[in-house]
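I have placed the structure first, in the form of structure tokens, so that the comments after it can refer back to it.
The analysis underlying the following values was restricted to heavy atoms, covering all of them including side chains, and did not include hydrogens, waters or symmetry mates.
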Amino acid sequence: MKFCPLKTADAEAAALPAEYRAARKVDVFRLGERHLFFRKKLSAFYISYGELDRFFRRVLMVPMRVSCCGGEMAVEHIVLCSGGEELAVVLLADPRMAVSVMEALKERAPHAESVKPPAGNGGENG
């Protein structure tokens, strides 16, 4: 497996596989001692908790049609931000896990804001 940094490469890259294996798994994330990990295909992306300055939930309502009737399905994402930009938008496998993921991130990165940026901020959110 290849370890890819979201922001800054870690100086101790040799310790990353051991931290990844020992990390607590919460939905698609692994909460390590010093890093947050998530996988996409054969790569494991990581960011240190100190580099996160904002994280929040993004819920998209996706139209769906089931046999005779239609409706909308909520799709949950966790957005990781640093330096005022969105580094990753991670789709959760189980939308019911969003609350526990957010609580775990608040524990590990208490300095980071856990709310969506203001609408006037530009980009996708504004």
Side-chain angles (χ1 to χ4, degrees):
M1 179 180 338
K2 180 180 176 186
F3 287 91
C4 304
L6 282 178
K7 186 155 181 165
T8 308
D10 198 343
E12 301 173 15
L16 289 172
E19 183 180 358
Y20 178 82
R21 285 190 299 276
R24 185 180 78 148
K25 188 172 182 183
V26 179
D27 198 61
V28 296
F29 292 101
R30 287 186 182 249
L31 302 164
E33 190 176 313
R34 295 184 8 230
H35 297 91
L36 173 68
F37 299 93
F38 65 93
R39 285 186 59 178
K40 284 196 179 178
K41 299 188 181 181
L42 296 176
S43 298
F45 292 88
Y46 68 91
I47 186 167
S48 70
Y49 297 115
E51 289 182 323
L52 283 174
D53 61 10
R54 181 185 306 270
F55 57 90
F56 58 92
R57 289 170 60 183
R58 180 176 289 154
V59 180
L60 301 175
M61 299 307 288
V62 178
M64 61 179 250
R65 184 160 173 89
V66 180
S67 66
C68 65
C69 53
E72 291 185 328
M73 178 178 71
V75 178
E76 298 263 354
H77 294 85
I78 299 293
V79 182
L80 305 173
C81 304
S82 180
E85 66 176 322
E86 293 181 6
L87 297 177
V89 179
V90 184
L91 175 66
L92 295 176
D94 184 359
R96 296 172 295 183
M97 294 296 292
V99 173
S100 60
V101 169
M102 291 294 288
E103 288 173 358
L105 284 173
K106 285 177 188 175
E107 261 180 41
R108 305 282 176 139
H111 62 280
E113 295 181 54
S114 61
V115 295
K116 188 174 177 178
N121 205 15
E124 186 178 333
N125 295 318

Taking a hydrophobic cluster as the set of Ile, Leu, Val, Met, Phe, Trp and Tyr residues connected by side-chain heavy atoms closer than 4.5 Å, whether directly or through intermediates, do L52 and V28 fall within one such cluster?
yes
Any donor-acceptor pair under 3.5 Å from R57 side chain to V99 backbone
no
What is the minimum heavy-atom distance between V59 and A74, and which atoms define it?
CG1-CB, 3.9 Å
Would you confirm whether E51, through its side chain, and K7, through its main-chain N or O, come within 3.5 Å as a donor-acceptor pair?
no
Correct closest heavy-atom pair for C81 and E86 would be SG-CG, 3.8 Å
I need the minimum non-hydrogen distance between R30 and A23, along with the two atoms involved.
CB-CB, 3.7 Å
Which of these, F3, F45, F29, sits in a ring pair (Phe, Tyr, Trp, His ring centres under 6.0 Å) with Y20?
F3
Between OG1 of T8 and CD1 of I47, what distance do you get to the nearest 0.5 Å?
8.0 Å
Heavy-atom nearest pair, K40 first then V89, reads NZ-O, 4.1 Å
Partner residues of D53 under the side chain to side chain donor-acceptor pair (under 3.5 Å) criterion, sequence neighbours left out
none
Using modelled atom types and a 3.5 Å cut-off, is there a donor and acceptor pairing between side-chain atoms of E33 and backbone atoms of E19?
no
Please answer: with hydrophobic residues joined when any side-chain heavy atoms are less than 4.5 Å apart, are F38 and I78 in the same cluster?
yes
H77 side chain vs A88 backbone, donor-acceptor pair below 3.5 Å
no
Applying a strict under-4.5 Å side-chain criterion to I, L, V, M, F, W and Y, I'd like to know whether V90 and V26 cluster together.
yes
Kindly say whether D27 contributes a backbone atom to a donor-acceptor pair with the side chain of D94 at under 3.5 angstrom?
no
Indicate the atoms forming the closest heavy-atom contact of A104 with L31, along with that distance.
CB-CD1, 3.3 Å
Distance (rounded to the nearest 0.5 Å) between M97 CE and E103 CD
10.0 Å
Looking only at heavy atoms, what is the nearest atom pair of P95 and E76, with distance?
CB-CG, 3.5 Å
Test your reading of the model: is there a side-chain donor-acceptor pair from R39 to the backbone of K41, 3.5 Å cut-off?
yes
Is it true that a side-chain atom of Y46 and a backbone atom of L36 form a donor plus acceptor pair closer than 3.5 Å?
no
When rounded to the nearest 0.5 angstrom, what distance separates CG in L80 from CD in E85?
12.0 Å
Short side-chain to backbone donor-acceptor contact, Y49 and H111, under 3.5 Å
no
Residues L42, K2; criterion side chain to side chain contact (heavy atoms under 4.5 Å, CB included); working and verdict:
CA-CA 7 Å; L42 296 176; K2 180 180 176 186; over 6 Å; no
In L105, L87, V115, the residue satisfying side chain to side chain contact (heavy atoms under 4.5 Å, CB included) with F55 is L105
Side-chain heavy atoms nearer than 4.5 Å, only ILVMFWY residues, links allowed to pass through others: does that put L6 and L92 together?
yes
